[in-house]
Protein chains: 2
Amino acid sequence: MKLTRKERERIARRELIIDAAENLIDRLGIDNITMDTIATEAEVGKGTLYLHFKSKKSIYLAISERGSRLLNHAFGKALLKELPGLKLIEELGRTYLKFVQENPVYFTVFNYYESLINDDDLAQSELAQRCEESAREAMTYIVRALQIGMQDGSINNKYDPHELGIVIWGASRGVIHMAFHKQKKHHMKILDDVNFSLQSLVSNFIELIGTGMANDQRSKNN
Amino acid sequence: MKLTRKERERIARRELIIDAAENLIDRLGIDNITMDTIATEAEVGKGTLYLHFKSKKSIYLAISERGSRLLNHAFGKALLKELPGLKLIEELGRTYLKFVQENPVYFTVFNYYESLINDDDLAQSELAQRCEESAREAMTYIVRALQIGMQDGSINNKYDPHELGIVIWGASRGVIHMAFHKQKKHHMKILDDVNFSLQSLVSNFIELIGTGMANDQRSKNN
DNA sequence: TTATAGTTTTGACTGTCGGTCATTAATTGA
DNA sequence: TCAATTAATGACCGACAGTCAAAACTATAA
């Protein structure tokens, strides 16, 4: 279906606002942004922001949605590779790491996600629904890889793939979250003692859970 | 050294304010709290809050510090058990889970920690230093357990205990964070399909990384 | 007990920011 | 060319974190 010029312009304007907000978050940090600065950066009046977004949180949510789409796209591509399931999981891990390194802004906003959808109004919005759907899709990629691995014998099938998927997803986020902040030189004295790179931590993590879920016939009894 | 009555009263008053803030966070959620409500709850004038704390964030940081102390205390007790290192790690995991379930407020505030110490002024404060020190201490408990496990042979010593410690710490936070929010019925449609309890997810996680770091002689070559 | 100096507490006030809406500008269609 | 409709704007509002001059309280001395 063809969009009218007006509809196209409207969408373009909306994207422009999201771009502006992303840039500002990148430059100033997510806690130092005001609606006025976003409006200035996007070269529109403040009121215009509210023609496209219900609230400031809603702009962040839109950024989050955009990020999720990108991540899912990358996940989709990773899953196309002809690899045993266990390797696919590792591939997804590396994909996630790469995404975070290349798109720190999205990762920053993802970490805000909770406070966003704690807003009851916003949680009901169509935008929030799309975000939830994206998250579900990302989960599905992981579960698929696990199922493939259980099929081809590379992953131990004593786990429920859905449950294991959640565990892996949560754990990955946690590890990358911690390592990411070290990289950003935000605080984290814990990590000062030890000087490991984001890469190194994630590799170790992947190896750790890779070993944990591998289907080692000999260790079926534990 | 003995404290004067004044000093004792000052400390008590400070604790009272922290108590009030904790209660409010529990009842209203951390995003719905104002300095005025904290003042009312603590039965002091708003200005008094600022005699004890530099800012609102600083109150949250104080709550965070109190939580860290409690958690470290629990970790310390867990480490006293006479168990092989691998079991100690599992014990720490369960301890952490129990802590989060019994003290959701602290967990909520922990998740705010980043935005707190992104505040440059606050990051320099003595309070922030104590928080960092607490985090380091928690890390140390994990590393100790790992070292014990590598000594007694229950944990594979191919990992660097410090690096592995960070991975485990980050991953645990991630898993519990995700599961915790499901429990709170906050959003998280991803988790609706599957109905796993916090307990169940954490058990799976512990088993997963437990297997991953176990010293299975036969699988030294991977 | 009262006067005085010092200390603590307070809440009215200020600046900032998210969000609104009456007004203005632009676009459309006749 | 001129309404009529739609889009954009920024002055304004309420809420809230943080401040500070004044009030209340305490301790000490006469």
Side-chain angles (χ1 to χ4, degrees), chain A residues 3-18 20-21 24-25 28-63 109 112 115-125 127, chain B residues 3-18 20-21 24-25 28-63 109 112 115-125 127:
Chain A
L3 296 175
T4 67
R5 174 175 60 80
K6 266 199 187 169
E7 285 166 333
R8 274 179 279 120
E9 278 179 359
R10 186 180 165 76
I11 291 171
R13 175 70 65 94
R14 191 189 136 99
E15 293 300 307
L16 212 73
I17 293 172
I18 301 179
L24 287 171
I25 291 174
L28 308 178
I30 198 164
D31 293 321
N32 301 311
I33 307 232
T34 69
M35 288 305 263
D36 290 87
T37 38
I38 295 176
T40 304
E41 175 84 10
E43 295 178 281
V44 296
K46 197 213 290 221
T48 306
L49 298 182
Y50 289 89
L51 296 177
H52 294 269
F53 300 95
K54 223 167 59 64
S55 65
K56 190 184 189 190
K57 284 183 175 181
S58 152
I59 296 180
Y60 291 163
L61 197 59
I63 297 176
V109 179
Y112 244 73
S115 75
L116 300 181
I117 41 72
N118 271 11
D119 187 298
D120 285 342
D121 282 354
L122 197 51
Q124 304 305 324
S125 71
L127 183 56
Chain B
L3 298 175
T4 67
R5 175 175 60 81
K6 271 196 184 172
E7 285 166 334
R8 275 179 280 120
E9 278 179 357
R10 186 179 165 76
I11 291 172
R13 176 68 68 92
R14 192 188 136 99
E15 293 298 308
L16 212 72
I17 292 171
I18 301 178
L24 286 172
I25 291 175
L28 308 178
I30 198 165
D31 293 321
N32 301 310
I33 307 233
T34 68
M35 289 304 263
D36 290 87
T37 40
I38 296 175
T40 305
E41 174 84 11
E43 295 177 282
V44 296
K46 197 214 289 224
T48 306
L49 299 182
Y50 290 89
L51 297 177
H52 294 269
F53 301 95
K54 223 167 61 63
S55 66
K56 191 184 187 190
K57 284 183 174 182
S58 150
I59 296 181
Y60 291 161
L61 198 60
I63 296 176
V109 179
Y112 245 74
S115 74
L116 299 182
I117 40 72
N118 272 10
D119 189 298
D120 286 341
D121 282 355
L122 197 50
Q124 305 305 324
S125 71
L127 183 56

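All chains are named by letter (A, B, ...) in the order of the sequence lines, taking the proteins before the strands, and each is independently numbered beginning at 1.
Ile59(B) and Ala21(B) make their closest contact through CG2-CB, 3.8 Å (heavy atoms, listed as atom of the first residue, atom of the second, distance). When every heavy atom of Ile30(B) is checked against every heavy atom of Tyr60(B), the shortest pair comes out as O-OH, 3.4 Å. The shortest heavy-atom contact between Leu49(A) and Met35(A) is CD1-O, 3.3 Å. Scanning both residues, His52(A) and Arg10(A), for their nearest heavy atoms gives CE1-O, 3.5 Å. The two residues Ala62(A) and Arg14(A) make their nearest non-hydrogen contact at CB-NH2, 3.8 Å.
Here dG11(C) presents its C1' atom at 16 Å from CD of Glu43(B), a figure rounded to the nearest Å. Per the geometry, CZ belonging to Arg10(B) stands 14 Å off P belonging to dT7(C), to the nearest Å. Taking atom CG on Leu122(A) and atom P on dG19(C), their separation rounds to 10 Å, with Å as the unit. Atoms CD1 (Ile33(A)) and P (dT16(C)) sit 18 Å apart, rounded to a whole Å. For the pair Phe53(A) CZ and dA8(D) P, the computed distance is 13 Å after rounding to whole Å. For the pair Lys54(B) NZ and dG18(D) P, the interatomic distance rounds to 9 Å; values are reported in whole Å. Distance, Leu49(A) CG to dG10(D) C1': 12 Å, rounded to whole Å. Going from atom CE of Met35(A) over to atom C1' of dA15(D) covers 16 Å, rounded to whole Å.
Base engagement by Leu51(A) is indicated by at least one non-hydrogen atom pair under 4.0 Å involving a base atom. The residue Ile38(B) sits apart from the nucleic acid: no heavy atom pair falls under 4.0 Å.
At dG10(D), none of the side-chain N or O atoms of Lys46(A) fall inside 4.0 Å of OP1 or OP2 (strictly under the cut-off). Between Thr48(B) and dT9(C), a side-chain N or O to OP1/OP2 separation shorter than 4.0 Å is absent. OP1 or OP2 of dT9(C) lies within a sub-4.0 Å distance of a side-chain N or O belonging to Arg13(B).
Of all nucleotides listed (dA8(D), dG18(C), dT9(C)), dG18(C) comes nearest to the side chain of Thr34(A). The Tyr50(A) side chain lies nearest to dG18(C) when the options are dT9(C), dA17(D), dG18(C). Nearest nucleotide to the Lys56(A) side chain, out of dT10(C), dG18(C), dA17(D): dG18(C).
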